[in-house]
Every structure is written in C-alpha cells, then in structure tokens.
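Starting from 1, each residue takes its place in the sequence as its number. When reading the values below, keep in mind they use all heavy atoms of this one structure, side chains included, and skip hydrogens, waters and symmetry mates.
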Amino acid sequence: MGAKESLPGDGPVPEMHHYYSKFMRECPSGQLSLHEFKKLLGLQGLDPQGDLYIKRVFDIFDLNQDGFIDFLEFIAAINLVIRGKIDQKLKWYFKLYDADGNGCIDKKELLSIFTAIQAINGQTNMSAEEFTNMIFQKIDVNNDGELTLEEFINGVERDEGLMELITKSFDLSNVLKVIQSGRRHSV
C-alpha cells in the first residue's frame with residue numbers, strides 16, 4: 001500500500017477531511033442552524049413531537065449553546081455516535097430525555113421523547129406508553145417515578161434486552177448516514 005492510499009475509516013484524517021468538505025458544502029457559513037440541520041437531514045415538516053426531538057438533539061450537539069452547530073461540535077457528535085463507549089452514549093441519551101435539565105427523567109419526559117422518536121423512525125412494535133412503563137418498571141429501583149443518571153446507566157447496563165432496545169430505538173446512525181451520503185433537499 002502506497003503512502004497516499006488509505007481505506008475509508010483507516011484513521012481520522014481522510015474521514016475528517018470528508019466530513020469537513022461535506023459540512024462546508026452543506027453549510028458554507030461554518031455555522032449550522034436548527035433550520036439547516038433539519039434541511040440537511042431531510043426532516044422538515046415533522047409533527048410537533050418530531051420537531052421537539054430534533055430540537056433536543058440539536059441543542060445537545062450545540063455544546064456551547066450559541067444556537068449553531070459548528071464543525072468541532074459536529075465532529076464531537078459524530079464521534080460520540082460512531083465511536084462513543086456505551087456509558088458515554090447512555091449519558092448522552094439521558095441528557096436527551098431529561099428535557100427540563102433537572103438531573104432526573106420522569107415518565108412524561110420519556111414518553112414525550114419516545115413518541116417523537118417514533119414519529120421520525122416510524123417504529124411501532126411497542127407503543128410509547130408501553131415502552132415508558134417497561135423502562136420504569138425495570139430500572140426505577142426506588143419506585144419514585146424518576147430516574148437518576150445512576151439508575152438509568154446501571155439499569156440499562158444490567159439488562160441486555162433493554163440495552164439493545166434503547167440502542168436501536170435511539171440509534172442516530174440513520175441520521176449520520178444521511179449526513180455521510182449527502183441526501184440534500186430531496187424528499
């Protein structure tokens with residue numbers, strides 16, 4: 001293999017260049033707004049629940065909370081989703097569900113975010129209510145109707161089936177595939 005040859009994903013540099021040129025092509029200003037983020041993912045015109053979910057994802061990716069995702073925030077998000085260790089991902093999921101940011105997830109928050117995710121992914125093998133009740137039944141150890149970060153991480157890591165369900169349900173790799181393949185403004 002010559003010095004210039006490299007395989008896709010054969011180290012961060014060619015991949016980084018690919019993401020950078022793509023990011024700048026989609027977003028010449030270098031600052032991705034919520035509107036552009038939805039456009040990039042082909043997710044305009046969602047119902048209010050779907051919109052809420054995409055806004056939460058955007059807000060979590062927007063690390064400095066300036067209302068835009070810049071390239072470094074974009075790469076951090078991609079790295080988390082593709083290469084992140086499971087506990088990092090679980091912390092990220094927890095942040096996503098904890099809509100009011102009080103450090104606990106209640107049933108209403110989980111129900112709301114799962115309903116929104118179903119609106120986007122179109123998964124219907126379990127209703128949002130069934131999913132929410134099942135999660136709380138399995139991992140709300142003190143039965144206070146709220147999940148702390150510790151309860152959430154320990155509960156999910158202890159239960160393989162739950163881990164698989166959460167990982168599949170909240171899988172953002174379909175979002176990344178769109179970013180990688182560049183589905184532009186096509187419906």
Side-chain angles (χ1 to χ4, degrees), residues 8-9 11-106 108-123 128 149 152-153 166-187:
V13 179
E15 205 175 279
M16 204 58 72
H17 178 71
H18 166 78
Y19 285 128
Y20 185 72
S21 57
K22 175 146 195 45
F23 185 84
M24 294 314 287
R25 192 169 60 240
E26 296 287 342
C27 182
S29 70
Q31 300 276 74
L32 194 64
S33 69
L34 177 61
H35 175 73
E36 290 167 323
F37 184 65
K38 285 184 186 173
K39 208 166 164 181
L40 175 70
L41 300 174
L43 294 173
Q44 309 100 304
L46 292 172
D47 64 16
Q49 288 285 41
D51 261 349
L52 177 85
Y53 172 64
I54 290 302
K55 169 109 176 67
R56 294 278 308 136
V57 170
F58 181 87
D59 288 346
I60 293 171
F61 284 173
D62 177 14
L63 298 171
N64 65 359
Q65 301 296 299
D66 66 352
F68 295 95
I69 296 175
D70 63 30
F71 182 67
L72 288 175
E73 290 169 329
F74 179 72
I75 285 302
I78 284 174
N79 266 329
L80 172 76
V81 175
I82 292 176
R83 297 196 184 88
K85 300 205 173 15
I86 198 65
D87 60 333
Q88 290 173 302
K89 287 184 182 183
L90 290 175
K91 279 182 187 149
W92 190 88
Y93 293 143
F94 185 86
K95 212 169 164 182
L96 179 66
Y97 310 146
D98 182 14
D100 61 10
N102 72 348
C104 288
I105 305 169
D106 61 37
K108 199 170 148 230
E109 287 172 322
L110 190 59
L111 185 64
S112 150
I113 209 79
F114 194 68
T115 306
I117 290 165
Q118 278 187 324
I120 293 168
N121 290 347
Q123 291 171 325
L149 179 62
F152 181 72
I153 289 180
I166 284 193
T167 309
K168 266 195 195 137
S169 302
F170 303 101
D171 186 12
L172 288 175
S173 55
N174 56 347
V175 167
L176 289 180
K177 278 183 202 129
V178 170
I179 292 169
Q180 284 172 314
S181 65
R183 178 176 85 194
R184 285 183 68 95
H185 330 305
S186 57
V187 182

Main-chain N/O of [Y] paired to [X] side chain as donor or acceptor, under 3.5 Å:
| X | Y | result |
| --- | --- | --- |
| Q31 | I69 | no |
| E36 | C27 | no |
| D98 | N102 | yes |

Rounded to the nearest 0.5 Å, what separation is found between the [atom1] atom of [X] and the [atom2] atom of [Y]?
| X | Y | atom1 | atom2 | value |
| --- | --- | --- | --- | --- |
| D70 | N64 | CG | CG | 6.5 Å |
| K89 | W92 | NZ | CH2 | 10.5 Å |
| Q65 | I60 | CD | CD1 | 9.0 Å |
| D100 | E109 | CG | CD | 4.0 Å |
| S29 | M24 | OG | CE | 7.0 Å |
| E73 | L63 | CD | CG | 5.0 Å |

> Got a sec, which residues hit salt bridge (charged side-chain N to carboxylate O under 4.0 Å, His left out) with D62, two or more places apart in sequence or on another chain?
Replying inline: none
> Which residues pass the salt bridge (charged side-chain N to carboxylate O under 4.0 Å, His left out) test with K38, sequence neighbours left out?
Replying inline: D51
> When the ring planes of F37 and F61 are compared, do they come out parallel, tilted or perpendicular, using 30° and 60° as the limits?
Replying inline: perpendicular
>> If you apply the rule ring-ring contact (aromatic ring centres under 6.0 Å, His included), what do you find for F71 with Y20, and how did you get there?
In response: CA-CA 7 Å; F71 182 67; Y20 185 72; 4.8 Å; yes
> Less than 6.0 Å separating the ring centroids of Y97 and F152?
Replying inline: yes
> For F68, what residues pass the ring-ring contact (aromatic ring centres under 6.0 Å, His included) criterion, not counting sequence neighbours?
Replying inline: none
> side-chain contact (heavy atoms from CB on, under 4.5 Å) between L90 and L149: does it pass, once the steps are laid out?
Replying inline: CA-CA 9 Å; L90 290 175; L149 179 62; over 6 Å; no
